[in-house]
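Sequence lines set the chain letters: A, B, ... in the order given, protein chains first and strands last, and positions in each chain run from 1.
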Amino acid sequence: MAGPHFLLWSELCFLCAALICCFASSNARLASIVGAAGSIIGCVLGLLSATSMLSMGTSFTLNLPCTIPLASLHFKVDALSALFLILIDGLSLLFTLYGVSYLYEYRSKRSLGGPWCAFNLLVASMGVVVTSQNGVLFLIGWELMALSSFFLVMFEGDSNKGRDVGITYLIATHLGTLFLLVMFILMAVSSGSFEFDAFRTHQPSRTLLTTLFLCAVIGFGTKAGLMPFHVWLPEAHPAAPSHVSALMSGVMIKTGIYGILRLISLAGMPPLWWGWLLIGMGFVSAVGGVLFALAQHDLKKLLAYHSVENIGIIVLGIGLGVLGLGSGSPPLALTGFLGALLHVINHGIFKGLLFLGAGAIFRATGTRQLDELGGLLKKMPATGYCFLIGALAISGLPPLNGFVSEFLIYIGSFRGGIELAQPSNLFCFIIILGLTLIGGLACACFSKAFGIVFLGEPRQAVSSSHTLPPAMKWPMIILAGLCIAIGVFPVPIVRFLLPCASQIFPVQQPEVPFSAMTSTLNLLTHITATSLILLLLIFFIFRLRRLFLGNRKVTSEVTWDCGYAKPTPRMQYTASSFAQSILQLFQPFLPSHKALSRSLTYFPGSESISFSSHTPDHFQQSFYWPLFHWVDKRFSILRRFQHGKMQVYVLFIAAALIALLIWQLGAVQ
Amino acid sequence: MISLSFAVTFVSSLAVAPLYLSIINKTKAFFAGRQGPPLLQPYIDIWKLLNKGAVYSKTTTSILFVSPVIGLGCLIIATAFLPVGRTPSIFAFDGDFIVLAYLFALMRFFFIIAALDTGSSFEGMGASREAYFATLTEVAFILGLAAMAKKTGTLCLSGMLTQISGEMWKQSGGILALTASSLFIVLLSECARIPIDDPNTHLELTMIHEVMVLDHSGPDFALIHYLSCLKFWIIGSVLVRMVLPATVHSAWLDQAMVFAAVAGIAVAVGLIESSMARLKLNTVPQLLVGASTLSALALLLGLR
């Protein structure tokens, strides 16, 4: 079997490349070549390993000798791991290609060795996280992932803001890890070993399971960006270089989803309230994420908040699956998990595409502020049309991939709403309410983002928008193609997801009936038919229109402006004015700060008027900052012990050692 | 037989749709004591526009003329999901109403970006309002359909609509009435009628849908005219099947009844337009949230 070898070599490839990049930091060309080559070869090997597992249909393990106490280098690729491995390696491959030319622009300003080293480590550690079968190994991978992405977030760390963002990320991710540490230790204490297999066969008590689940929701939810724990995400993702934002937003946060799914598969039959909790949190994340996104002025920050929204959709799907498991309806569970897993893939694809697009815009214009952009479609058609496809996909519109996964979750919720008993069916309708609300709001948000950035007249003189290098253009075109392909032909990919979704089912669960699988696939063939007819119709109507317009006069004029003599681009509707009316309705949840200064004369000069609006994150402002200030105040007493005097530190160490020795001696006696 | 009656119904709905606009206008004219435009005026307008050239703004891109084309494609598919008389459509499948709602959304997305494409602040304003109101309308629409799905236990539009019967009205008239009133508000909002939007106004600042298409001309504008008629037909015929569940057990006659009953809805819309003014912009969301609340209430009653 070649699978384990490919996996091993892929990880080694990333690590070697990272090591070489680390030492070659002064030479930008060498760092780029080695970093990219290592990442590409590693990704291809990882893909080979995952596809070999899926084609064989049997999972494989890789056991290496290991001397770390409590840990074992025990990897296992089952269907669920293989799916995430394909997501990680497939998308990283495209992002690497893009990153080569994106980062090379910075060669005169920054050393490229560090970013390439961290990039390779990040991809390698994500591979470890989704394949490890040992709690300690998992945590090592998790920590490596957090640190390597921290260094990438600190790419612009020489500014005050960049540093603050990095530190926020570091603190948030470690708070999350703290809960995971507790979770794995509790698991190990109850089952006697850090191995996942030991826990799988073990029958934990109800209270222990509850604690484990809550720890997992907080720990993994922090990484995934679930709503109350999301505060780091909208800050950190925009700060990294665009291909890393794409990797973090499209792939890295999905490891949190993987963790939640893995725990569900290990824990046995989940109680119903797990589903209720997940649906509640998913609803808050999804609606809250899209509302905050609507209020943003920075394109990458808008995209980052949309990750919170999409994680919400995924968690809604998982919640539906858990409801199905808990109420003994495997077909419902299957639909929920399928929808969630498909959305994991879809979100990786379209969010990656949108972040790459944002990077291309930034590279051409030097700004990410929506209200400073405009009319870019004529200057950057490839980026523009790819971004449009991504925008349609993320808004969940047919015939693109975002629609298919939302459709699955919709159908599952409708079925659950009809079939299930009293409190659970209400939760199914909450999913429906959530999906419809975010459907409309995401449409508004992305029609705004695309319309303001790419259409209309340029709002600022665009610096000579240089042509996009093919290495940046083709990854976007491939991702856009995938959006359409999965949207029109979802059946093959869902068939491929079926074993992955049934992997989540606990061992005690009876097999998913075959009819449930075929009925889901049948439904999706209708989607294919509808999409194909839609595309054909559009084509024919287009030809018809051309027929009518063929030999008639077509002229160009200025836009109808109600007779104003001198229209300027600054008179166009801006992103903030577009979103203002919607935000007004949701004012209680979105406390926007508005600053308006105006002169009181009848003929105000331009210098005396200014308006700005800013929507800070509710949770950060009114929960996390007060909490941290409180902690800061209470623990300031500890500063007495930490004053930078080396001698006293050595004294502490000596005292601690002596105390330990005495304690140990006491134990021996 | 079924496919024949489907084909005839499908083609005749596409053909008859503009007539309902005439009926609204005739009703309004009657109450205003005017003669009103001839019954075939919408057809004449569309034909006239189809045979004109076009003027495009220098600012615009291909998005402007692609949007009506995509919109028409979406609505033609949505028309195919409607049942024939009281027999399900041959295109019916579980969840087709979700596809229908999202096809509306796709069309809307393209009209919004087409409006932003012109760079005009008026059209931007219209686009913003459309995005805002449509979000609320969509919630009312899907929750209303969810209430129907829960009540009838089916997940396809045809199934829901054909299962509503006089018996069901007797048993749970409350749920059906709540849903129907919510859907009527959805109809007024989606088709840009008073009290949400005024199709007759000539002041751009007060308009929503009309202002978004200021820069469309010629065949593109003809498509937009036709689109709005078709949209009225689609939502109108869903509503009619909900409030008039009578059947004479003949697909042709049932379908003829639906055609006649949608004319009744057009008269009702005309009546509303003659008797009241457009709502202030900031009260429109209240009406739409009200519609969503009606749908949600119907849903909760159904859960009981």
Asks: Among the options B/V289, B/L72, B/D117, pick out the one with the most heavy-atom pairs lying under 4.5 Å from chain A.
Replies: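 Ranked by contacts with chain A, first place is B/D117.
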Asks: Strictly below 4.0 Å, N to O, side chains only: are B/D94 and A/R415 in salt-bridge contact?
Replies: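 A salt bridge is present here (some side-chain N lies under 4.0 Å from a carboxylate O).
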Asks: Just checking, any donor-acceptor pair under 3.5 angstrom between side chains of B/D215 and B/T118?
Replies: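 No, no side-chain donor-acceptor contact under 3.5 Å.
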Asks: Can you tell which part of B/F141 gets under 4.5 Å to a heavy atom of chain A, answering side chain, backbone, both or neither?
Replies: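 Looking at B/F141, nothing touches chain A.
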Asks: With a 4.5 angstrom heavy-atom cut-off, could you sort out which part of B/F97 is near chain A: side chain, backbone, both or neither?
Replies: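 For B/F97, the side chain is the part near chain A, not the backbone.
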Asks: With a 4.5 angstrom heavy-atom cut-off, is it the side chain or the backbone of B/L143 that approaches chain A, or both, or neither?
Replies: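 Side chain only.
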Asks: So what's closer than 4.5 Å to chain A heavy atoms on B/A105: side chain, backbone, both or neither?
Replies: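 Both parts, backbone and side chain.
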Asks: Which bit of B/L155 comes within less than 4.5 Å of chain A, counting heavy atoms only: side chain, backbone, both or neither?
Replies: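 For B/L155, the side chain is the part near chain A, not the backbone.
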Asks: For chain A, which of B/S128, B/G119, B/G153 has the most heavy-atom pairs under 4.5 Å?
Replies: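 Highest number of heavy-atom pairs under 4.5 Å: B/S128.
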Asks: Find the one option among B/K150, B/R108, B/E138 whose heavy-atom pairs under 4.5 Å with chain A are most numerous.
Replies: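 Of the candidates given, the most pairs with chain A belong to B/K150.
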Asks: Using a 4.5 Å heavy-atom cutoff, which residues in residues 220-231 of chain B come close to chain A?
Replies: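 Hits under 4.5 Å: B/D220, B/L223.
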Asks: Heavy atoms only, distances under 4.5 angstrom: which of B/A127, B/A115, B/A80 has the most pairs with chain A? Name it, please.
Replies: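 Option with the top pair count is B/A127.
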Asks: Between B/T60 and B/S57, is any side-chain donor less than 3.5 angstrom from a side-chain acceptor?
Replies: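 B/S57 and B/T60 do not have a side-chain donor-acceptor pair below 3.5 Å.
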Asks: Given that the side chain runs from C-beta out, which part of B/L64 has a heavy atom under 4.5 Å from chain A: side chain, backbone, both or neither?
Replies: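 For B/L64, neither part sits under 4.5 Å from chain A.
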